[in-house]
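Here is the structure we will look at, set down as structure tokens.
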There are 2 protein chains.
Amino acid sequence: MPISFDKEDMKRLDEVVATRHHVKQGELLFRDGEPFKSLFAIRTGFFKTSVSTPDGHEQVTGFQMAGEIIGLDGIVTDQHSCNAVALEDAEVCVMPFANVEELSREFPVLQRHVHKIMSREIVRENSMMLLIGNMRSEERLAAFLLNLVQRLHARGFSQSEIVLRMSREEIGSYLGMKLETVSRAFSKFSDEGIIEVKQRYVGILNAPALKKIVNPTGCV
Amino acid sequence: MPISFDKEDMKRLDEVVATRHHVKQGELLFRDGEPFKSLFAIRTGFFKTSVSTPDGHEQVTGFQMAGEIIGLDGIVTDQHSCNAVALEDAEVCVMPFANVEELSREFPVLQRHVHKIMSREIVRENSMMLLIGNMRSEERLAAFLLNLVQRLHARGFSQSEIVLRMSREEIGSYLGMKLETVSRAFSKFSDEGIIEVKQRYVGILNAPALKKIVNPTGCV
DNA sequence: AAGCCGTTTTGATACACATCAAAAGATAGT
DNA sequence: ACTATCTTTTGATGTGTATCAAAACGGCTT
């Protein structure tokens, strides 16, 4: 948090994130239809969120990692409208939304922060629509991998190595393609020497090439 | 607005929506990259928002009508990240975001309202990802038409008649398909007697059939 | 009313991805 | 270590939608 607060302020702000919660791999943090009470800040671990069609088809709507906030979908109806599943053992801060709102009124910086988080999610989903609606399968996977390393790198992990926490099927669902197509795209990139794949480990050997796949007219 | 304010309050709240702005058909309300200052509440008219790939491909991210808010994308970076174009002559209320934030701190109902609007947009985009990622072209168009009449009906328009404000190409961009495919789906529905199409006029003759196309296992 | 332009429709063909199928490889339990 | 199960890879085939092309239609200008 960029601004300095006095001790009293800090104590109040701490209250909002006081309680923590552990979620084991495979467990739900919340599910579609459940009453909404709190946002969750991920401390450690990795989540996926997803929505479903009535006939059971799942669409992964996002993958979230440490430092990211989940649960924003629940605000509008006071009910969650998606499922959040831990893809590895995780710890979250439970932030009762009533507290968040109360403190936001008191601390403009926090208010601004909350607004930015929600806006960021809207912008992210805009770009996902662009991705799913306009790109072909290999472009989607390349964009996905670049996004993932970039976020991991921002958290102090390697700039060129990923250990995927999700299956091919989950990647496919997120990107609007079938698991076989995901696998084929991985193999193709691997054959071309752009990446190195061993199960869920992915090494990025040629990042510029990946970027070029996403944006063929590499005019940046 | 559901809650009652005293006169002084109303005056202050009015300030936030004091200035109005007219946008002619085809004109931009804001464009990608432009500094973000205000949200816009649509009073009359019809807008589309879109993002673009570097190579010029456009993805329509939404169609907005009276009563809806646009500009939320700009909050996170203080820059707009999409374009908003009027599809018919329109009037908007300009709501400087600094005012919105200030008054939100003062009036919890307003704060709650702002949060819900942002959350609603997040949920809408989740369902768009599901639509584009999992459904076939005819299902997408059916869902699109149902969504449109529902929103129009909520504004006092017909439950079964639409005058489209957007071209086949714009519909296609929004739904992740080509304009020819949109046209073919329209023709198919028309042949089947589900809808009546004459240019941009669409009459819905058999709403249940449309719903069944979206959700084949009509278990609701 | 004639001519021009952009939009929409319709047809023929091509291709990207889905689907179906099976083998190979990992992972877990006994 | 060995079987059972799940995940991933790879191949063969099918299909939905894109692409290419041209005609039909409607709106606008003069």
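Chain naming here is simple, since letters A, B, ... match the order of the sequence lines and numbering starts at 1 in each. Side chains are part of it too, since the values below use all heavy atoms of this structure and drop only hydrogens, waters and symmetry mates.
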Give the rounded distance in Å between these two atoms: NZ of A/Lys178 and P of C/dC20.
10 Å
Inspect the contact between A/Arg124 and A/Glu68 and indicate whether a charged nitrogen and a carboxylate oxygen are less than 4.0 angstrom apart.
no
Using atom CZ of A/Phe186 as one end and atom C1' of D/dT8 as the other, report the distance to the nearest whole Å.
11 Å
Checking all strands, does B/Ser167 fall into the base, sugar-phosphate, or nothing category for heavy-atom contacts under 4.0 angstrom?
sugar-phosphate
More than 12 heavy atoms of other residues, nucleotides or ligands under 6.0 Å from CZ of B/Arg31: yes or no?
no
Is there a donor and acceptor pair closer than 3.5 Å between the side chain of B/Glu180 and the base of D/dC20?
yes
Take atom CD of B/Glu169 as the centre, draw a 6.0 Å sphere, and report whether it contains more than 12 heavy atoms from other residues, nucleotides or ligands.
no
Salt bridge between A/Glu180 and A/Arg184, side-chain N to carboxylate O under 4.0 Å?
no
Of the listed nucleotides D/dA18, C/dT8, D/dT9, the one nearest the side chain of B/Thr181
D/dA18
Identify which nucleotide among C/dC17, C/dT9, D/dT17 has an atom closest to any side-chain atom of B/Ser187, counting heavy atoms from C-beta outward.
C/dT9
For B/Leu87 and C/dT7, what is the distance between atoms CG and P respectively, to the nearest whole Å?
12 Å
Nearest to the side chain of B/Lys198, heavy atoms from C-beta on, is which of D/dG26, D/dT8, C/dT8?
D/dG26
Side chain of A/Arg136, heavy atoms from C-beta onward: which of C/dC17, D/dA12, D/dT9 has the nearest atom to it?
C/dC17
Pair of N/O donor and acceptor under 3.5 Å linking D/dG16 base with B/Arg184 side chain
no
Please report the distance, rounded to the nearest Å, between CZ in B/Phe189 and P in C/dT9.
13 Å
What's the closest nucleotide to the B/Gln199 side chain, out of D/dT8, D/dG26, C/dT9?
D/dG26
Selected nucleotide, minimal atom distance to A/Arg200 side chain, candidates D/dA18, D/dT7, C/dT9:
D/dT7
Could you tell me if the ring centre of A/Phe97 sits under 6.0 Å from that of B/His115?
yes
Nucleotide D/dG16, atom C1' - distance to CG of B/Leu175 in whole Å:
16 Å
Along DNA chain D (nearest heavy atom to each residue), the more 5'-positioned of B/Glu138 and A/Ser183:
A/Ser183
Between P of C/dT8 and CE of B/Met166, the distance in whole Å
11 Å
For A/Leu164 and D/dT8, give me the distance from atom CG to atom C1', rounded to whole Å.
12 Å
From CD of A/Glu139 over to P of C/dA16, roughly how many Å is that when rounded to an integer?
11 Å
